[in-house]
Amino acid sequence: MTPDQLTSHSPCGEAKCFAFALPGRAELTLPLARSGEGYEGRDARPLGGSCHVWWSETAARGGMPGRSPSELPAALSRALSAPRPDLCGLTLERPRIMGILNLTPDSFSDGGRHNGLDQALERASIMAREADILDIGGESTRPGAAEVDTDEEIRRTAPVIRALRQAGIRLPVSIDTRKARVAEAALDAGADIINDVTALRFDPAMARLAAERGVPVVLMHSIATPETMQRHAQYDNVVTAVRDHLYARVEAALAAGLRAEQLILDPGIGFGKTTAHDLLLLRQLAAFHDFGLPLLLGASRKKFIGALTGTETPAERVSGSVAVALQGAAAGAQILRVHDTKETRQALQIWQAIAGTSPQNTL
Ligand code: HH2
C-alpha cells in the first residue's frame with residue numbers, strides 16, 4: 001500500500017461504516033498493533049478505526065503462522081479495522097481521555113478530595129480542559145469496598161452533574177454506577193453515558209434503562225462483588241475468560257434491546273484479577289478489538305502499578321499510570337480512564353505527534 005492509498009484509506013474524516021461482529025467464543029485474534037500510518041507495500045489497516053495504530057497481521061498462536069488481513073474472514077478483518085461510532089460527538093479515531101471524578105469518602109486513590117459541591121465543581125472545570133469525558137462516581141468499587149445506599153449515591157452524584165451543566169461545562173459525562181436509579185438520576189441531571197462495572201449484571205433494571213434511553217454504555221468485566229472479587233481471581237486463561245464473559249454480556253445487552261452502537265467494552269483491570277492477570281490483559285489488549293466495539297481501559301493508579309514498583313500510595317503512581325495509558329493507546333484503546341488528566345494528555349500529545357497523527361498537526 002502506498003502512502004497515498006494509506007491516506008485515502010485512513011478513517012479520519014471518512015464517513016463512518018461501523019461493523020459490529022461478535023467473535024466466536026473460543027476464537028482469539030491478536031492483531032499485531034503498530035503505531036504510525038501503515039507501511040509501504042503491506043496490507044496494513046487501522047486498528048479499531050484509529051488514526052495512529054495499524055495492524056498488518058495477527059499473532060501466531062498454537063504453532064499456527066500469523067495471518068494477514070486479507071487471509072482472515074472478511075467480517076473479522078472489518079471488525080478489527082472499521083471506524084467505531086462517534087461517542088457523544090467525539091470521534092474515536094484517536095484515544096480519548098476520560099477523567100475520573102470520585103465523589104466518595106473512600107475511593108482508593110482520590111477518596112474524600114472532591115466531596116463538597118464547590119470542590120467537585122472546581123476539579124470538574126479543571127478536568128474539562130484536560131479530558132474529553134468526565135466519569136463521575138459516588139460509590140467506590142475498590143477491592144473490599146462495601147455497597148453504598150442508593151439514595152446516598154444519588155445525593156452524591158446528581159447535584160454535582162446538574163451544577164456542572166449549569167456552570168456551562170459541556171463535555172460528555174458518564175455516571176459510574178451499577179444501580180439503575182443512580183444512573184437515571186444522573187442522566188436526568190445531564191449525564192450522557194452509563195459506566196457499569198458489572199456490565200448490567202448487578203441491577204436488572206439497568207439494561208431496561210439503557211435500552212430506553214439509548215445512551216452509550218460501558219460493559220466492564222468483573223466477577224462477584226467488590227467485597228469478594230479478589231477471592232475469585234482464578235482463571236485458566238484470563239484473556240479468554242474475560243472475552244467469554246464480555247461476549248455473554250454483549251449478547252445479554254442486545255437481547256435486552258440495546259443496540260451494538262451503544263456498547264463499549266472494558267476488560268476491568270484489577271477487578272478480581274492479580275497483577276499477573278492484569279499484565280496479561282494489558283499485553284493482549286488488542287485481542288478485544290474483534291468485537292468491533294470501542295475499548296475502554298481503566299488502569300490508572302491501580303494496585304498492580306504499586307505492586308510492580310513498590311509504590312504504596314496511589315497518588316504516587318502517576319508515572320506508572322501514564323506508561324499504562326500509552327501502552328493502551330498503542331494497543332488501540334479508544335478511551336483511557338485516568339485520574340491524572342493533565343499528565344496523560346501531555347504524554348498522548350507527544351506520542352500522537354511522533355506517530356504523525358496529532359490533531360493539531362503542529363509538528
Ligand atoms: N475502575 C474503577 C471504577 N470504575 N470503570 C471502568 N469502566 N473501568 C475501570 O477500570 C474502573 C471503573 C476503580 O477505580 P476508581 O474509580 O479510581 O476507584 P474507586 O472504585 O475506589 O472509586
Side-chain angles (χ1 to χ4, degrees), residues 87 96-115 120 123 127 131 133-148 152-153 156-157 172-179 182-183 186 191 193-202 206 210 215-223 225-227 229-230 242 245-246 249 262-273 277-278 281-282 285 288 293-306 313-318 320-321 324-325 328 333-341 344:
L87 176 66
R96 297 294 181 170
I97 296 177
M98 174 184 265
I100 303 168
L101 185 58
N102 282 319
L103 309 172
T104 57
D106 60 339
S107 283
F108 79 93
S109 137
D110 56 351
R113 291 196 53 207
H114 318 297
N115 279 358
R123 182 66 189 137
M127 280 206 288
I133 304 161
L134 272 184
D135 188 40
I136 293 187
E139 177 185 61
S140 171
T141 46
R142 73 182 191 289
E147 192 178 332
V148 172
E152 169 63 11
E153 199 180 328
R156 290 177 185 177
T157 50
V173 168
S174 71
I175 176 71
D176 183 356
T177 186
R178 15 179 207 167
K179 299 174 197 135
V182 178
I193 302 166
I194 298 173
N195 175 19
D196 183 349
V197 298
T198 73
L200 312 176
R201 283 183 303 118
F202 181 79
M206 190 67 117
V215 294
V217 178
V218 181
L219 301 178
M220 196 197 80
H221 173 270
S222 62
I223 48 171
T225 62
E227 269 172 306
M229 62 191 178
Q230 290 314 104
V242 172
H245 178 96
L246 290 177
R249 296 319 303 154
Q262 284 176 257
L263 306 178
I264 297 165
L265 300 182
D266 181 343
I269 298 296
F271 281 78
K273 285 135 193 141
H277 295 142
D278 287 337
L281 283 166
L282 289 167
L285 192 64
F288 291 88
L293 298 172
L295 294 185
L296 186 152
L297 179 66
S300 181
R301 298 188 183 180
K302 284 191 176 167
K303 196 171 156 198
F304 77 97
I305 299 173
T313 312
E316 290 173 10
R317 297 175 189 161
V318 182
S321 303
V324 186
Q334 286 88 357
I335 306 161
L336 304 165
R337 182 180 182 276
V338 303
H339 299 88
D340 304 293
T341 44
T344 309

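Only heavy atoms go into these numbers, but all of them, side chains included; no hydrogens, no water, no symmetry mates. Keep in mind the model is a prediction, meaning the values are calculated, not measured. Numbering of ligands and ligand atoms starts at 1, following listing order.
- Listed as neighbours of ligand 1 are Asn102, Ser107, Phe108, Ser140, Thr141, Arg142, Asp176, Asn195, Val197, Val218, Met220, Asp266, Phe271, Leu296, Gly298, Lys302, Arg337, His339, each bearing a heavy atom under 4.0 Å from the ligand.
- Note on Asp278 versus Lys303: no salt bridge recorded, every NZ/NE/NH1/NH2 to OD/OE distance being 4.0 Å or above.
- A salt bridge is absent between Arg337 and Asp266: the closest approach of a Lys/Arg side-chain nitrogen to an acidic carboxylate oxygen does not fall below 4.0 angstrom.
- The CG atom of Asp135 sits 13.5 Å away from atom CD1 of Ile97, with the distance rounded to the nearest 0.5 Å.
- For the pair Ser222 (side chain) and Phe271 (backbone), a donor-acceptor distance under 3.5 Å is absent.
- Looking at Gln262, its side chain does come within 3.5 Å of a backbone N or O of Ala210 through a donor-acceptor pair.
- Here the straight-line distance linking atom CZ of Phe304 with atom CG of Leu281 works out to 10.0 Å at 0.5 Å rounding.
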